[in-house]
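Keep in mind that this is a model prediction, so the values were computed, not measured.
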Number of protein chains: 2
Amino acid sequence: MSGTRTRRPRADAQRNYERILAAADDAFREQGTGASLEGIARRAGVAIGTLYGHFPNRRALSAALLRERHAALFEFAAEPPNGATAPDALARWMGAVAVHAAAYRGLAALLMEGLDDEASELHEACERMAAITETLLASAREAGGVRDDVTAADVHALMNAAAWMREQVPQEQAEHLLLLLVNGLRPDRADTAPGSMAAN
Amino acid sequence: MSGTRTRRPRADAQRNYERILAAADDAFREQGTGASLEGIARRAGVAIGTLYGHFPNRRALSAALLRERHAALFEFAAEPPNGATAPDALARWMGAVAVHAAAYRGLAALLMEGLDDEASELHEACERMAAITETLLASAREAGGVRDDVTAADVHALMNAAAWMREQVPQEQAEHLLLLLVNGLRPDRADTAPGSMAAN
DNA sequence: TTATTATTCCGAGGCACCCTCACTTTAGTC
DNA sequence: GACTAAAGTGAGGGTGCCTCGGAATAATAA
């Protein structure tokens, strides 16, 4: 296995890969993560076998599609909203994830199961999300802005639930619902510093 | 059209109707509202055409299946949890709906769209649910236990979101999440009478 | 009991989708 | 220009949705 100088990858493969991804993005936006794969192949101007050659199954396709999107999300999380309280930072994060997970109908459910299911192509991304959530939650709790009984898993579920609702109500109401969810994390007696936990 | 004395309905029709309903209940419990209708017909020991003869489409089948269940829910709402505060009554109702809507995977989404979609066979049931929600919400708000900006539509969405989460997390966590949702409805300053808004 | 007939049941068939695989085509290399 | 690994192709087998024309049958009448 030493003389196998690898060939340069074929140009058509690269081209088709990108075409499929673009078609899938369109289809998922319009019809959700359950969109027809044959339809996607058709849109991409490619045979169905070619699609399967690049992506062994629907989840792999979703995962590839989400890779950049996730990168953007993590970058967003890294950039500190300077001057914001810890609870504010958590709320901001929750809003960002909710918007992200509402990009395609059905995505919230995938992210939900991806956290537990290690076989899922989304597992790693979910774990990174969970880690960020954990960190922000710890700070927010320390600041006294969050109930003691709230776990990172709870926040994960709530963010995805917010996304799920966003799939089905007007955007304005979706924002309001997120605010209510965030409000639910606050301790029973609102004796924290003023201005904490404003949504987004 | 006066001499058409109606024949007694055929016994086999009645029998098959019930068999299909029973099979559908099993299938929906196991696989959600998207379960294969051909599979349901098979389970019921009936040809696919017979199933369609009784239920023109999947939604009609769901609606028939939910009729009794909804009746039970409305009865539950009617029975006054005597001695409970208005916010408690609302929380109790939200819990009941969340449990109901989690009976079959996918049901929460159906109930969500059934509220707006007048063509849906579930529309009427959804409207009744909404009316109950409206009443309980008004009382709870009057008692000062709920934020002013919370609408019945919000509560509807939140109840169904609770059901959606319940489909995907252990029951214990689901209860906790419901509690957090309910907590989110409380006004910013917790200056209401003690003991208000305990979940369930 | 038997005949009548409205009602119900049946399942093949057309369409869409999922996914695989034996075969063809093609891009990179020599 | 020939060679060949890589990629592309699409028919085909499986499942599901739903329809529809013809077969079967339960209620009724004779």
>> In terms of relative ring orientation, are B/Trp164 and A/Trp164 parallel, tilted or perpendicular, with 30° and 60° separating the classes?
In response: parallel

>> Could you check whether B/Asp25 pairs with B/Arg29 (Lys NZ or Arg NE/NH1/NH2 to Asp/Glu carboxylate O, under 4.0 Å)?
In response: yes

> Nearest to the side chain of B/Ala47 - C/dG11, C/dT8, C/dC19?
Replying inline: C/dG11

> Given C/dC9, D/dC18, C/dC18, which nucleotide is nearest the side-chain atoms of B/Leu37?
Replying inline: D/dC18

> Stepwise, does the side chain to side chain donor-acceptor pair (under 3.5 Å) test hold for B/His176 with A/Asp149?
Replying inline: CA-CA 9 Å; B/His176 187 231; A/Asp149 61 352; 3.0 Å; yes

Tabulated below should be each protein N or O lying under 3.5 Å from an N or O of nucleotides 1-5 of chain C; please produce it.
unit_1 : atom_1 : unit_2 : atom_2 : d
C/dT5  : O2     : B/Arg7 : NH2    : 3.2

>> So does B/Glu175 get a backbone contact from the side chain of B/Arg166, meaning a donor-acceptor N/O pair under 3.5 Å?
In response: no

>> Taking only side-chain N and O atoms of B/Thr50, does any of them lie within less than 4.0 angstrom of OP1 or OP2 on C/dT8?
In response: no

> Does B/Glu167 use its side chain to pair, donor to acceptor, with the backbone of B/Gly106 at less than 3.5 Å?
Replying inline: yes

Check nucleotides 23-26 of chain C against the protein and report each pair of N or O atoms closer than 3.5 Å, with its distance, or say if there are none.
unit_1 : atom_1 : unit_2  : atom_2 : d
C/dT26 : O2     : A/Arg10 : NH1    : 3.0

>> If I take atom CZ in residue B/Arg8 and atom P in nucleotide D/dT25, what distance separates them, rounded to the nearest angstrom?
In response: 19 Å

>> If you assign A/Gly49 and B/Gly49 each to the DNA chain D nucleotide with the nearest heavy atom, which residue ends up on the more 5' nucleotide?
In response: A/Gly49

> For B/Ile40 and D/dT15, what is the distance between atoms CD1 and P respectively, to the nearest whole Å?
Replying inline: 17 Å

> With respect to the phosphate group of C/dA16, does any side-chain polar atom (N or O) of A/Ser36 fall under 4.0 Å of OP1 or OP2?
Replying inline: no

>> So does A/Ala24 get a backbone contact from the side chain of A/Arg43, meaning a donor-acceptor N/O pair under 3.5 Å?
In response: no

>> Please confirm whether the shortest side-chain N or O distance from B/Arg58 to OP1 or OP2 of D/dC17 is below 4.0 Å.
In response: yes

> What integer distance in Å separates B/Tyr52:OH from C/dA12:C1'?
Replying inline: 15 Å

> Taking the side chain of A/Ala13 as heavy atoms from C-beta outward, which of D/dC18, D/dA7, C/dC10 is closest to it?
Replying inline: D/dA7

> Touch check for B/Arg15, heavy atoms < 4.0 angstrom, all strands: base, sugar-phosphate only, or nothing?
Replying inline: nothing

> Taking atom P of D/dC18 as reference, at what distance in whole Å does atom CZ of B/Arg42 sit?
Replying inline: 15 Å

> Between B/Arg59 and B/Glu121, is there a salt bridge with N-O shorter than 4.0 Å?
Replying inline: yes

>> Check whether A/Ser139 reaches the backbone of A/Pro87 with its side chain - one donor and one acceptor, N or O, closer than 3.5 Å.
In response: no

> Starting at CG of B/Asn16 and ending at P of C/dC10, how long is that distance when rounded to a whole Å?
Replying inline: 6 Å

> Do B/Leu37 and B/Tyr52 touch side chain to side chain, with heavy atoms closer than 4.5 Å?
Replying inline: yes

> Taking C-beta and beyond as the side chain, do B/Thr151 and B/His156 meet within less than 4.5 Å on heavy atoms?
Replying inline: no

> Within this structure, what is the CZ-to-P distance between A/Phe55 and C/dT20, rounded to whole angstrom?
Replying inline: 15 Å

> Quick one: A/Leu51 CG to C/dT20 P, roughly how many Å, whole number?
Replying inline: 12 Å

> Rounding to a whole Å, what distance do you find between B/Glu38:CD and C/dC15:P?
Replying inline: 16 Å

>> Both B/Ala11 and A/His54 contact DNA chain D. Which one's nearest nucleotide lies toward the 5' end?
In response: A/His54

